[in-house]
Each structure stands twice: as C-alpha cells, then as structure tokens.
2 protein chains.
Amino acid sequence: MAKRFHLTELEGAALGVILRAGTCTAYAVRRAFATSPSRFWTGSAGAVYPLVARLERRGLLAARRDRRDGRARRELTVTPAGRRAFEAWLLDPDRAADFGFDPLRTRLFYSDLVPAARLEALLAATAARIAAVRAPAVPQAPHVARLHESWRRLRGGALEEFRKLKRRR
Amino acid sequence: MAKRFHLTELEGAALGVILRAGTCTAYAVRRAFATSPSRFWTGSAGAVYPLVARLERRGLLAARRDRRDGRARRELTVTPAGRRAFEAWLLDPDRAADFGFDPLRTRLFYSDLVPAARLEALLAATAARIAAVRAPAVPQAPHVARLHESWRRLRGGALEEFRKLKRRR
DNA sequence: TAACCCATGTAATATGTTACATGATTTT
DNA sequence: AAAATCATGTAACATATTACATGGGTTA
C-alpha cells in the first residue's frame, strides 16, 4: 500500500504541466508557472528544482538525462503513482471549493478603513489593470484561454458591483 | 525619511483587523483570520505572534500590557506609521489587480487531464460546497458579508459556466 | 560579439505550519 | 468538575524568495 502523499498546490500543478507536455524539463515547468497572470505562480528556481527533486524521491516523477543539444537537460515524466497522486489532488472537492486568496477581495474587505476618494482611485486603477490582462505570448490551449478570460470578467464584474454599491450610499 | 517597508498580505490584513477594532490582542487577529472561508488565512499561532513582533519592531504596532482580567493580555494599536504602511499596502493597484490564487481555477486549468466522468463528479461536489458556504457565526460588518456573498456567487457562476461549456461539446 | 535565452542548481534568508507548552477564565 | 475558550508563546520542520553561480546555445 503506497503511503498517501498529500500534494501541495505547487506540486499538483507541476505534475499537471508535465502530464500535459508528456515530457519536459524543470525549466519548462518554471516557464509555465511564470506565464500565469498570478504572482502566486512565480516559477522561481528555488521553488521548482527542490520540488522536482522531492517528487522524484517520492516516486511520482522519473527523470532521464538528455544531451541531444549540447545542453545537459533532464527530461521529466510522471510515473503511474504520480498520475494517481495528481488525480487525487485535482479531484478533491474540499480543496477545490476553498476560497483561496485574492488580493482584490482582501483589499475590498478592509476598504472601509481608507478615505473614499483614495479608494475610488484604487478601484479605477485596478479595473484598468484587470481589463488590460492579455493572453500571454505563449500559445495556450483554448480552454485555458477561456478560463483566464472567464476569471478576468468575473473579477472585473465583482469590482464594478462593489463600486456601484459604494456610490449608491 | 522612514524606510519603506513592503507589507506582506498577512501583515497588511493584520493591521486592517487591528485598525477596525481600534485595539485588540494578537489572539483576536488570529480569530479574525480563522473565520475566513479561505484556508489561506489560517490564523496559526506560529504565523501571527512572530508577525506581530515583527510589526512592533518596525514601529507599525504598539503594545500595552493589560491585566484587567487576571489574564496577561497585550493590547495592540496601530501607530501613525502603521496606518501609512497599511494605506500604501491596500491602495497599490498592481497588487490589487493580481489574480492571486484560486484552487478551483487551478483545477479547471488542468481538468482536461482527468476522465470526464470524474471531473463532472468533482464539479458537482464543489458546486454543492460553494453553495453551502455560510456566513460565520461571528457577526460581520454588512459590507464584509456582502463581499463574501458576492464572491461565492461569482465562483459558483464561473463553475456553472465551465460545466455548461464542457457539456455542450 | 554582446546580449539574451535555455538549463541546472545552491546558499542565505524569510516565512509559514504543526504540534507542543503553559496557565487563567468561562461555560456546560 | 470537565471541557471549552482566552491568551501567549516556542521548537522543529517544510517550503518559498532572492540572489548568486555556472555553462551552452541563439539572436541582434
């Protein structure tokens, strides 16, 4: 009986990137994270390389040295145990339902503590930035693009709703 | 010229809690975080007490021992420098516009990698849990309750939208 | 040929989680 | 009287950030 390892969000997402690619390097995982419109997914080297080493130790990832170009690359693949761990991670409704973390929501939460004029300036600037979020230069799967667009619209909508309510009183 | 300290989200929110209360203990900050529907705001002792100590060292919080009840409490107040740091934190549109982190969004992002039937089961269970999110027993400011309700509705809506699109193909 | 991207990794540091420890007060 | 809550804090551990180090290949 394999010990049940509880994957972090970063670990689950890393397996997702590698599964989608079939095979890729840790560097490609970093880039995939870095293209996210969220700062949560920094793709910093100090996070990704130790994470990959961890998943290898747990038997969820396998690596193969590759030297086709002069570069010494490590091609990663997800093992069967890795896929099982990934599915357990993704299909957990308790974690999926969690509110997570939204910097805008947090700020609206405490918005009564700042002067109304400054708040309105923040909301205007934030709305502009949210509207300006564009799909990354890297080509994205269509469902991914739709998802980002959907969330962009959602947050923009929440912001406008809050603004209108604020104005009305 | 005061050195500009960049507040983390936890630090900013902690100042917000104390500002709203006027004066409160670190324990009250913990409880305020713990009532959040997001696991991001755990309010763990090991996070909050060192955080408060940090803000005191930086002159953003002041503490006063209080022994009105037999208990040794430390009443915290936000200093003028603390309020300035709080406003700079809250009013930063670049941080406010950031996508942050949403466990549901992340899972939908990788949802093409799991069998459709299992995904549908996840979506149904997640929708139920999102719908079941209730206001905490602790009384909330009305704008806070509205904000949670708004986000709950929006996430539910995004989920349903995703489900319909999925079904249609 | 200089700058930039690919590619891997580590060291110092900061921050957070879990679990423990302590003790007073309030509720059941 | 026991259990829960108020209240403070620390120790061990896990994980992430920033900055650095190293080198091969590609583009301006």
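Quick caveat, the model's predicted, so the values are computed rather than measured. In what follows, chains are A, B, ... by sequence order, proteins preceding strands, each numbered from 1.
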Show, in sequence, the C-alpha distance, side-chain angles and deciding distance for A/Glu75 and A/Arg65, and conclude whether the salt bridge (charged side-chain N to carboxylate O under 4.0 Å, His left out) test is met. CA-CA 6 Å; A/Glu75 289 289 347; A/Arg65 293 222 153 265; over 6 Å; no
Nearest-Å distance for atom pair OH/C1', residues A/Tyr27 and D/dT22: 14 Å
The helix from C/dT1-D/dA28 to C/dT28-D/dA1: angle between its terminal axes, five pairs each, to 10°? 40°
At under 4.0 Å, does any side-chain N or O of A/Ser44 touch on OP1 or OP2 of D/dT17? yes
In terms of relative ring orientation, are A/Phe33 and A/Trp41 parallel, tilted or perpendicular, with 30° and 60° separating the classes? tilted
Where each residue is assigned the nucleotide of DNA chain D containing its nearest heavy atom, which of B/Pro50 and B/Arg31 is assigned the position nearer the 5′ end? B/Arg31
Cationic tip of A/Arg107 above B/Trp89 ring, under 6.0 Å, 45° of axis: yes
At under 4.0 Å between heavy atoms, what does A/Thr25 touch on the DNA or RNA strands: base, sugar-phosphate, or nothing? sugar-phosphate
Rounded to whole Å, CZ of B/Phe40 lies from P of D/dT15 at a distance of 17 Å
To the nearest Å, how far apart are B/Arg73 CZ and D/dA7 C1'? 8 Å
Using 30° and 60° as the class limits, which term best fits the ring planes of A/Phe86 and B/Tyr110: parallel, tilted or perpendicular? perpendicular
Does the plane of the ring in A/Phe109 sit parallel, tilted or perpendicular to the ring in B/His148? Use 30° and 60° as the thresholds. tilted
Output the rounded distance in Å from OH (A/Tyr49) to P (D/dA16). 16 Å
Base, sugar-phosphate alone, or nothing: which one does B/Leu51 contact when heavy atoms must sit under 4.0 Å apart? nothing
How close or far is atom C1' of D/dT17 from atom CZ of A/Arg30, stated in whole angstroms? 12 Å
Reading DNA chain C 5' to 3', which nucleotide is the first, and which the last, to come under 4.0 Å of any heavy atom in chain B? C/dT15 to C/dT25
Walk me through whether B/Arg54 and B/Glu56 qualify under salt bridge (charged side-chain N to carboxylate O under 4.0 Å, His left out). CA-CA 5 Å; B/Arg54 214 150 70 217; B/Glu56 282 185 60; over 6 Å; no
Would you say B/Arg74 reaches D/dC6's phosphate, i.e. side-chain N/O to OP1/OP2 under 4.0 Å? no
With salt bridge (charged side-chain N to carboxylate O under 4.0 Å, His left out) as the criterion, how do B/Arg152 and B/Glu149 come out once you've worked through the C-alpha distance, each side chain's angles and the decisive distance to 0.1 Å? CA-CA 5 Å; B/Arg152 199 187 63 72; B/Glu149 172 55 24; 3.0 Å; yes
Yes or no on salt bridge (charged side-chain N to carboxylate O under 4.0 Å, His left out) for B/Glu161 and A/Arg146, after CA distance, side-chain angles and deciding distance? CA-CA 11 Å; B/Glu161 194 178 306; A/Arg146 251 185 284 118; over 6 Å; no
